[in-house]
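Everything on this sheet refers to the single structure shown next.
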Amino acid sequence: MGEGAGSLVRRAAAELADGGVGTPRVDAELLLAHTLGVPRGEVRRLAILDAPLPDDAAAAFRGLVARRAAREPLQHLTGMAPFRHLELAVGPGVFVPRPETEQVAQVAIDEAARVAAERGSAVVVDLCTGSGAIALAVATEVPGAEVHAVELDAAAHAWAERNVAASSSATAVVRLVRGDARTALRELDGTVDVVVSNPPYVPPGAVPVDPEVAEHDPAVALYGLGADGLEVPRGVSAAAARLLRPGGLYVMEHAEVQAEAARDMVGAVGAFGAVETRTDLTGRPRMVVARRAPAPHHPADVKD
């Protein structure tokens with residue numbers, strides 16, 4: 001047996017802080033929990049006791065700490081990312097789901113639950129699903145939800161496929177489709193109750209500051225194309241208008257600075273009624289929400 005858990009965690013936290021990691025103690029504890037295959041609470045107990053750890057475990061932990069200090073994402077090191085009540089498999093090639101997106105999922109979940117309570121079922125589509133986070137949250141939290149998820153990128157689709165396979169049950173199933181969010185699922189046109197999306201939306205010049213994002217999240221999941229970063233969201237919004245039934249709900253995540261532009265973009269589609277901005281858990285304007293307007297009524301010509 002070698003160095004004590006408490007000493008290892010303290011050294012690791014100091015190394016992570018020197019590397020610019022914002023939550024050094026938390027990350028150190030989570031990395032040691034991952035190394036030992038135990039809950040974080042057990043790591044805290046071992047640290048208080050400064051219980052000695054096997055040399056091989058300590059060496060593996062130090063290796064993970066060095067990688068985290070170099071700003072490799074914590075989720076890539078543990079292979080898992082929490083999202084609402086889910087633990088999703090993630091790694092290179094897929095966007096790591098963020099806590100702020102949980103509120104976007106909540107809007108979709110609330111609407112799907114309302115529709116399912118009224119009609120016994122609800123059809124939900126998640127465009128640009130990435131790891132499958134939003135789709136799986138809806139499927140597992142809304143009994144009666146029929147969830148379809150679309151992802152074009154091969155690497156991200158593979159991660160989503162893994163997560164769907166791990167989470168699917170008799171009562172929570174996601175139909176995963178590899179395809180272009182702008183054109184997929186035409187067989188569902190006009191029948192969907194909720195369309196939800198966290199598409200790429202970062203403008204080309206707005207390179208993320210954090211190395212975990214800039215160097216490890218795939219560019220295809222970050223940059224929305226066009227001068228304003230909203231070219232992909234425009235296509236997603238048009239697809240939402242195509243898919244939704246009259247009265248169906250559309251919710252899409254965007255950057256805080258894009259709130260007005262996102263409202264204008266959705267309004268320009270011409271198919272939605274009132275368009276509003278809603279906030280994430282930190283109170284920042286991070287999503288646009290709109291309802292599909294009823295189809296225009298064209299009364300038959302009245303003849304004399």
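Quick caveat, the model's predicted, so the values are computed rather than measured. FYI, the numbering just counts along the sequence from 1.
By the rule that hydrophobic residues join a cluster once side-chain heavy atoms approach within less than 4.5 Å of another member, Leu64 and Met80 end up as members of separate clusters. Note on Leu152: it does not cluster hydrophobically with Val232, by side-chain heavy-atom contacts below 4.5 Å among ILVMFWY residues. Both Val21 and Val26 belong to a common hydrophobic cluster when Ile, Leu, Val, Met, Phe, Trp and Tyr are linked at side-chain heavy-atom distances under 4.5 angstrom. One hydrophobic cluster holds both Leu30 and Leu53 under the rule that ILVMFWY side chains link at heavy-atom gaps under 4.5 Å. Note on Met252: it clusters hydrophobically with Leu243, by side-chain heavy-atom contacts below 4.5 Å among ILVMFWY residues.
Rounding to the nearest 0.5 Å places CG of Leu16 at 7.0 Å from CG of Leu31. Here the straight-line distance linking atom CD of Glu141 with atom CZ of Arg84 works out to 4.0 Å at 0.5 Å rounding. Taken from CD in Glu231 to CE in Met265, the straight-line distance is 10.0 Å, to the nearest 0.5 Å. Here His85 contributes atom NE2 and Thr140 contributes atom OG1; the two are 3.0 Å apart, rounded to the nearest 0.5 Å. Separating the CG atom in Leu244 from the OH atom in Tyr250 is a distance of 9.0 Å, to the nearest 0.5 Å. One distance of note links OG of Ser167 with CD of Glu87; it measures 10.5 Å at 0.5 Å rounding.
Judged by distance alone, with hydrogens and angles left aside, the side-chain atoms of Arg292 form no donor-acceptor pair with the main-chain N or O of Phe272 at under 3.5 Å. In this structure a side-chain-to-backbone donor-acceptor pair under 3.5 Å is present from Ser197 to Leu127. When atom types are taken as modelled, the side chain of Gln258 and the backbone of Tyr201 share a donor-acceptor pair closer than 3.5 angstrom. Put simply, the side chain of Arg291 never gets that close to the backbone of Gly248: no donor and acceptor are under 3.5 Å apart. At least one donor-acceptor pair under 3.5 Å links the side chain of Trp159 to the backbone N or O of Pro92. In this structure a side-chain-to-backbone donor-acceptor pair under 3.5 Å is missing from Asp50 to Leu46. For the pair Asn163 (side chain) and Leu88 (backbone), a donor-acceptor distance under 3.5 Å is absent. In terms of modelled atom types and a separation under 3.5 Å, the side chain of Thr101 and the main chain of Pro97 share no donor-acceptor contact. Checked by atom type and distance alone, the side chain of Glu253 never pairs as donor or acceptor with a backbone atom of Gln103 at under 3.5 Å. Glu256 places no side-chain N or O within donor-acceptor distance of the main-chain N or O of Arg284, the cut-off being under 3.5 Å.
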Could you please spell out the steps behind the side-chain contact (heavy atoms from CB on, under 4.5 Å) verdict for Leu249 and Val107? CA-CA 9 Å; Leu249 192 73; Val107 174; 4.0 Å; yes
Applying side-chain contact (heavy atoms from CB on, under 4.5 Å), run through Ile134 and Asn198 and close with a yes or a no. CA-CA 9 Å; Ile134 297 176; Asn198 179 17; 4.2 Å; yes
Pair Asp210-Val213, side-chain contact (heavy atoms from CB on, under 4.5 Å): steps then yes or no: CA-CA 6 Å; Asp210 292 338; Val213 180; 4.3 Å; yes
side-chain contact (heavy atoms from CB on, under 4.5 Å) between Val147 and Val173, intermediate numbers included: CA-CA 7 Å; Val147 183; Val173 177; over 6 Å; no
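Contact check for Gln106 versus Asp110: side-chain heavy atoms found under the 4.5 Å cut-off. Residues Leu185 and Val125 are in side-chain contact: their nearest non-hydrogen atoms beyond the backbone lie under 4.5 Å apart. Residues Arg234 and Asp228 form a side-chain contact, since some pair of their non-hydrogen atoms from C-beta on lies under 4.5 Å apart. Contact annotation: the side chain of Val124 never approaches that of Val192 to less than 4.5 Å [non-hydrogen atoms, C-beta and beyond].
Classification of Arg119 and Asp193 as a salt-bridged pair holds, one side-chain N sitting under 4.0 Å from a carboxylate O. A salt bridge links Glu111 with Arg114: the distance from a Lys NZ or Arg NE/NH1/NH2 to an Asp or Glu carboxylate oxygen falls below 4.0 Å. Salt bridge annotation for Glu29-Arg25: present, with a cationic side-chain nitrogen under 4.0 angstrom from a carboxylate oxygen. The residues Glu42 and Arg40 are annotated as not salt-bridged, no charged nitrogen and carboxylate oxygen being separated by less than 4.0 angstrom. Between Arg175 and Glu161 no salt bridge is recorded (no basic side-chain N to carboxylate O distance below 4.0 Å). Ion pair Arg62/Glu3 flagged as a salt bridge, since at least one NZ, NE, NH1 or NH2 atom sits closer than 4.0 Å to an Asp/Glu carboxylate oxygen. Using a 4.0 Å cut-off between charged side-chain N and carboxylate O, Arg98 and Asp280 make no salt bridge. Salt bridge absent: Arg263 and Glu276 never bring a charged side-chain N and a carboxylate O closer than 4.0 Å.
Closest approach of Ala259 and Thr277 over heavy atoms only: O-OG1, 3.9 Å. Across every non-hydrogen atom of Ala60 and Thr35, the tightest pair is CB-CG2, 4.1 Å. Nearest heavy atoms, Val194 versus Ala112: CG2-N, 4.0 Å. When all heavy atoms are compared, the tightest approach of Val65 to Ala12 is CG2-CB, 3.7 Å. Contact detail for Val174 and Ala135: the closest heavy-atom pair is CG2-O, 3.8 Å. When all heavy atoms of Val236 and Ala181 are compared, the pair lying nearest together is CG2-CB, 4.3 Å.
With Leu188 as the partner, the side-chain contact (heavy atoms from CB on, under 4.5 Å) test is satisfied by one option alone out of His148, Arg242, Arg245: His148.
Residues Thr183 and Asp180 have side chains that never bring a donor and an acceptor to within less than 3.5 angstrom of each other. For the 3.5 Å distance criterion, the side chains of Thr279 and Arg286 fail to qualify, holding no donor opposite an acceptor.
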